[in-house]
Protein chains: 4
Amino acid sequence: MVNDSEGRIGLKQPKIMGSFSGHALPGTFFFVMGLWWSIKSILKYVCKKQKQTCYLGSKALFHRVEILEGSVLVGMALTGMAGEQFIPGGPRLTLYKEGQWNELMSWHHFTMYFFFGLLGVADILCFTIRSLPASLPKLMFSNALFVEAFIFYNHTHGREMLDIFVHQLLVLVIFLTGLVTFLEFLLRNNVLLELLRSSLILLQGSWFWQIGFVLFPPSGAPAWNLMDQENIMFLTICFCWHYAVSFIIIGANYAFVTWLVKSKLKRLCPSEVGLLKNVEREQESEEEM
Amino acid sequence: MVNDSEGRIGLKQPKIMGSFSGHALPGTFFFVMGLWWSIKSILKYVCKKQKQTCYLGSKALFHRVEILEGSVLVGMALTGMAGEQFIPGGPRLTLYKEGQWNELMSWHHFTMYFFFGLLGVADILCFTIRSLPASLPKLMFSNALFVEAFIFYNHTHGREMLDIFVHQLLVLVIFLTGLVTFLEFLLRNNVLLELLRSSLILLQGSWFWQIGFVLFPPSGAPAWNLMDQENIMFLTICFCWHYAVSFIIIGANYAFVTWLVKSKLKRLCPSEVGLLKNVEREQESEEEM
Amino acid sequence: MVNDSEGRIGLKQPKIMGSFSGHALPGTFFFVMGLWWSIKSILKYVCKKQKQTCYLGSKALFHRVEILEGSVLVGMALTGMAGEQFIPGGPRLTLYKEGQWNELMSWHHFTMYFFFGLLGVADILCFTIRSLPASLPKLMFSNALFVEAFIFYNHTHGREMLDIFVHQLLVLVIFLTGLVTFLEFLLRNNVLLELLRSSLILLQGSWFWQIGFVLFPPSGAPAWNLMDQENIMFLTICFCWHYAVSFIIIGANYAFVTWLVKSKLKRLCPSEVGLLKNVEREQESEEEM
Amino acid sequence: MVNDSEGRIGLKQPKIMGSFSGHALPGTFFFVMGLWWSIKSILKYVCKKQKQTCYLGSKALFHRVEILEGSVLVGMALTGMAGEQFIPGGPRLTLYKEGQWNELMSWHHFTMYFFFGLLGVADILCFTIRSLPASLPKLMFSNALFVEAFIFYNHTHGREMLDIFVHQLLVLVIFLTGLVTFLEFLLRNNVLLELLRSSLILLQGSWFWQIGFVLFPPSGAPAWNLMDQENIMFLTICFCWHYAVSFIIIGANYAFVTWLVKSKLKRLCPSEVGLLKNVEREQESEEEM
């Protein structure tokens, strides 16, 4: 009904989002971050379990890593914000031009990046200034996700059925990630919640890629029929398969990190490993949360 | 509007879901699992209450039972997945054929089975590898249920009113079960939450049967009028009656298991029963959670 | 659109719900129970606060009171169920007659009463058989409320706008009560949650009366215009005023019960009251939850 | 469709809400309260962190401040209620006049003020009568917010698209504030939840101003096109920017209050500051919640 100002004319104006690469970019970002966060959570969990025998000074290390992570987030957010503004066809910091709003889609993406930048700032502040509450980054993270979900929810007015459907699934996964992060904020140090969040972030990343493939098929493949009910039926299960794959990735990560820590431990403190195994066997249920 | 590729032509093509037996099968599965889970929870609870006097070595036993349960789940999921694929009229692992999606309904069911298979795998892994967090199976269970609810929610586009209504109730009960299981994951060892989950699983099982009776009346009974408001009114309370019956089943289970444990205890350690009764009477409120 | 089989022909067939008295009856029931529950919660809270100086043996008393409450609930539920069935115009235990469903509205109310009866049974069982988990009645209570909300939600298909609106508000308050009761089940012994639940039960009771006045104005007053937007606007704030009144009632209850307990204490153990006051002043924050 | 009795004829009848100043007034109120609550929370948190070395008798002070806050709230609510009634064009305590409801919009606002008045009363009572549960004001606060959200939700029947959209965002933020306040009631003394609530209150305040600017542009600016999709797109991100600003305000507040407390401490107990810094460094994770 309403003219779709992003999708169909994406070939003429090289906007960062209305194209395949515009979806692949944030997809790659979220996928990499999801991988990284899952590795960090697993590493923290495995190190904590084996703290009794061979403590690697990991706490100070993790603090430094958090600050680095925050800096990377701020850098990425600034790049994204600048890119949205100054790419050819971007708004160039002009919000209102010639009696109408100027490139609101870019401003939408700009706003999302800004909130992820705030998360990075909170990360850095929280691990340098010690009087700040330790769970502030979790809160800012869930805020950034809720804001992202809110913006995407109001992003697709007047588009085609399938276009709306894939973005609704995106909103669903972002909203769920926000909820899980908020739960993490309330109940700290639950490794499974952290892994659940990482798997949802991975899902978000790979779903961005899927949206790119559906709406802007690369290499001249024919476009999908945006009004076909069958395509919705397929994308429903496709979404579940992406989720299954993210689980499998996290499982493989877990196996790999555990193996790495154990083999490294064996090299560092070989004599204690025999003892370690016995200790491990006796403590099972009270450690996790 | 859209042609209903599952329901009305179910007599010609013997698809596993679009028929009475196709609903009776998962119904039986969930009913049996609900019964089993309720018995397991009650047994665990009753054993824990009487641990002080006559401990039956139940912890190791329960571990072995969990691994067995996981294996059964994996077996059932594999059977279901194979059945969906290779039944006459199934997709035979072909997703896309002759320019259109191939038997997406079967792929939907295939995906649901897959996630229950993941639950089985998590069950087995978690009780063999001890370093894994103990509440992983709960998380995978709630994931499997949420995925099931999500798929069923997107399963009934373009069907008749009553058909949609009975599936909406199914989605409702599956979603609630997922929520309760997630709560169990957060607050471990609350016996009432476990029984609530079991009762919802029982409800899901018997509701599958009810759907079979409504949409595919066996033995040549006349079909229900799918557009009649009165039928919706009836199915609303019918749903509640199923729920009431599941409560009564769980109550009977509780009485039976308690009686069994007590009578078995009497045989195993007869001299201590007198003491036991006094002990029992004094401790009442602090044990449950 | 659809013919309204309950409301407008309520003058010919004296059905228990489709009339003023049919709404006044459950309204009175819920109002009385709300009053009683608020008094019980306050009494328990005030007694617990002053336990140190003059314990009135209240625990055994409260157990007996709970059993009595359960019996009253079972009695009321049985009366309600029998009334729904055998009132002139009721279904007389016949569900299906002459090719169509028989008096489904009465069966709806019958089902609601049944679940409140289950709550009564759980109350009795839980306080006689001590091995049962102590929070079972809370769970059954929230179940009864969710079932009631579910049935009312599917109760008003095809009625007029205002009729639907007042029933939607009823569903809202019942659903919220269910949520609060479920929270009580998870977090036990929080007096404010109990009072919040009581105030919502009071609101439900008085809202039943309001529905009676709106849909079946007694004493020959002219009927309300069921299609007028202004009436919805008014009923919105009317609902809030009912809520405010329920708060004020609970506040008055609190003042009255506190005064009663204090004056009774003064008579029972006069010499200790001076001490009591000092003790009271020092303990303030750690007692409540 | 329905004639809009508030917006378009707001120029003729100087109603308190249907005008720019009618939105600026509650906006200013919420903004000031949000600022105040954020300062209070930060002050409490910073004082608690440094309690070990230089306790300023803050508990008694905070009690007195709470009572003052309650009185201010009661005063504001009474003023608002009186203003709504007796302003030219107000209902003057007449609910029903000449066969129709009299100025229901004013009665809506009257009801909202009343619930904030109840919050003030609860504040005063709770900090004068010590036997009352300490978290009562939080519960009344979340109640007042839920009632406000409920009334605003039913406030905009039959208006234009953009008018409805800005009010929906208002309902969203009020509902979220109510949820966060309810969480605060359940989990007491979490400083980040308190700051989150303050930031949402700030957002509500500034959004009231935004609504005023959109619907009633001051100083004769041309009105916004209430049917333009692009305006919705803009207001979506505008809402997020307001939120970002409220975060920045709270961050600045935090920095300012911390600096103030530290510099004041230095003056009051200069010799202990060196010790203080060491103490501070060692305790980091266990203090917050």
Side-chain angles (χ1 to χ4, degrees), chain C residues 41-42 45-46 48-50 161 165 168-169 172-173 176 179-180 183 186-187 190-196 199-200 222 225 227-244 246-248 250-251 254-255 257-258 261-262 277 280-289, chain D residues 1-6 59 63 95-96 99-112 114-115 117-119 121-122 125-127 129-140 142-144 146-159 182-183 185-189:
Chain C
S41 303
I42 296 166
Y45 174 69
V46 173
K48 217 167 87 187
K49 283 211 112 173
Q50 302 182 339
M161 189 179 71
F165 184 72
Q168 274 176 343
L169 293 188
L172 177 72
V173 64
L176 288 178
L179 272 187
V180 169
L183 265 179
L186 293 178
L187 317 159
N190 186 330
V191 68
L192 284 177
L193 275 184
E194 287 178 25
L195 291 181
L196 180 61
S199 72
L200 287 167
N225 180 356
M227 301 304 289
D228 188 3
Q229 194 83 34
E230 284 287 295
N231 283 334
I232 281 189
M233 287 291 190
F234 168 68
L235 285 168
T236 298
I237 42 174
C238 185
F239 188 70
C240 298
W241 295 346
H242 280 260
Y243 194 38
S246 82
F247 270 129
I248 289 162
I250 283 188
Y254 188 91
V257 170
T258 313
V261 168
K262 286 210 172 156
K277 273 177 189 159
E280 252 178 279
R281 227 157 255 168
E282 275 147 26
Q283 58 199 23
E284 20 176 24
S285 63
E286 75 289 359
E287 282 165 327
E288 182 209 348
M289 191 173 128
Chain D
M1 297 147 202
V2 180
N3 67 321
D4 182 341
S5 68
E6 200 192 62
K59 203 159 193 183
H63 272 217
L95 183 59
Y96 196 77
Q100 60 183 1
W101 301 109
N102 185 27
E103 301 290 338
L104 279 179
M105 284 297 150
S106 295
W107 282 101
H108 275 203
H109 307 141
F110 177 87
T111 309
M112 295 184 205
F114 179 73
F115 273 85
L118 274 189
L119 162 62
V121 170
L125 284 180
C126 195
F127 287 94
I129 304 171
R130 277 152 175 197
S131 70
L132 282 170
S135 48
L136 178 63
K138 295 279 179 214
L139 183 60
M140 297 308 287
S142 87
N143 262 319
F146 284 135
V147 166
E148 195 193 349
F150 171 75
I151 291 179
F152 269 121
Y153 182 80
N154 288 291
H155 200 62
T156 53
H157 292 291
R159 302 214 195 149
F182 196 78
L183 265 179
F185 158 66
L186 294 178
L187 317 160
R188 288 180 292 169
N189 296 324

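Chain A is the first sequence line, chain B the second, and so forth, proteins listed ahead of strands; every chain is numbered from 1.
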Check whether any side-chain heavy atom of C/Asn190 sits under 4.5 Å from a side-chain heavy atom of D/Phe185, and report yes or no.
-> yes
In terms of heavy-atom pairs under 4.5 Å with chain D, which of C/Thr258, C/Leu193, C/Leu172 leads?
-> C/Leu193
Separation between CG (C/Leu169) and CG (D/Asn154), nearest 0.5 Å, reads 7.0 Å
What residues, two or more places apart in sequence or in another chain, satisfy side-chain hydrogen bond (donor to acceptor under 3.5 Å, both in side chains) together with C/His242?
-> C/Ser206, C/Gln210
Do C/Thr236 and D/Leu104 come within less than 4.5 Å of each other through their side chains, counting heavy atoms only?
-> no
What distance separates C/Leu192 CG from D/Lys138 NZ, expressed to the nearest 0.5 Å?
-> 13.0 Å
Contact part of D/Met112 toward chain C, heavy-atom cut-off under 4.5 Å: side chain, backbone, both or neither?
-> neither
Between CG on residue C/Leu195 and CG on residue D/Leu139, distance to nearest 0.5 Å | 9.0 Å
Taking all atoms of both residues into account, what is the closest heavy-atom pair of C/Met233 and D/His108, and its distance?
-> O-NE2, 3.0 Å
Is chain D contacted by the side chain of C/Asn231, its backbone, both, or neither, given a heavy-atom distance below 4.5 Å?
-> both
Separation between CG of D/Leu95 and CH2 of C/Trp241, rounded to the nearest 0.5 Å | 4.5 Å
Pairs of heavy atoms under 4.5 Å with chain C: top-ranked of D/Phe110, D/Tyr153, D/Trp107 = D/Trp107
What heavy-atom pair brings D/Ser131 and C/Tyr254 nearest, and what distance separates the two atoms?
-> O-OH, 3.5 Å
Nearest 0.5 Å, what's the CD1-CZ distance between C/Ile237 and D/Phe150?
-> 10.5 Å
Which region of D/Phe182, side chain (C-beta onward) or backbone (N, CA, C, O), has a non-hydrogen atom less than 4.5 Å from a non-hydrogen atom of chain C, or is it both or neither?
-> side chain
Take the angle between the ring planes of D/Phe115 and C/Phe247 and call it parallel below 30°, perpendicular above 60°, tilted in between.
-> perpendicular
Which pair of non-hydrogen atoms, one from D/Phe114 and one from C/Ala244, has the smallest distance, and what is that distance?
-> CE2-CB, 3.5 Å
Taking only residues two or more places apart in sequence, or in another chain, which ones meet D/Val121 in a side-chain contact (heavy atoms from CB on, under 4.5 Å)?
-> D/Val74, D/Leu125
To the nearest 0.5 Å, tell me how far C/Phe239 CZ sits from D/Ile151 CD1.
-> 11.0 Å
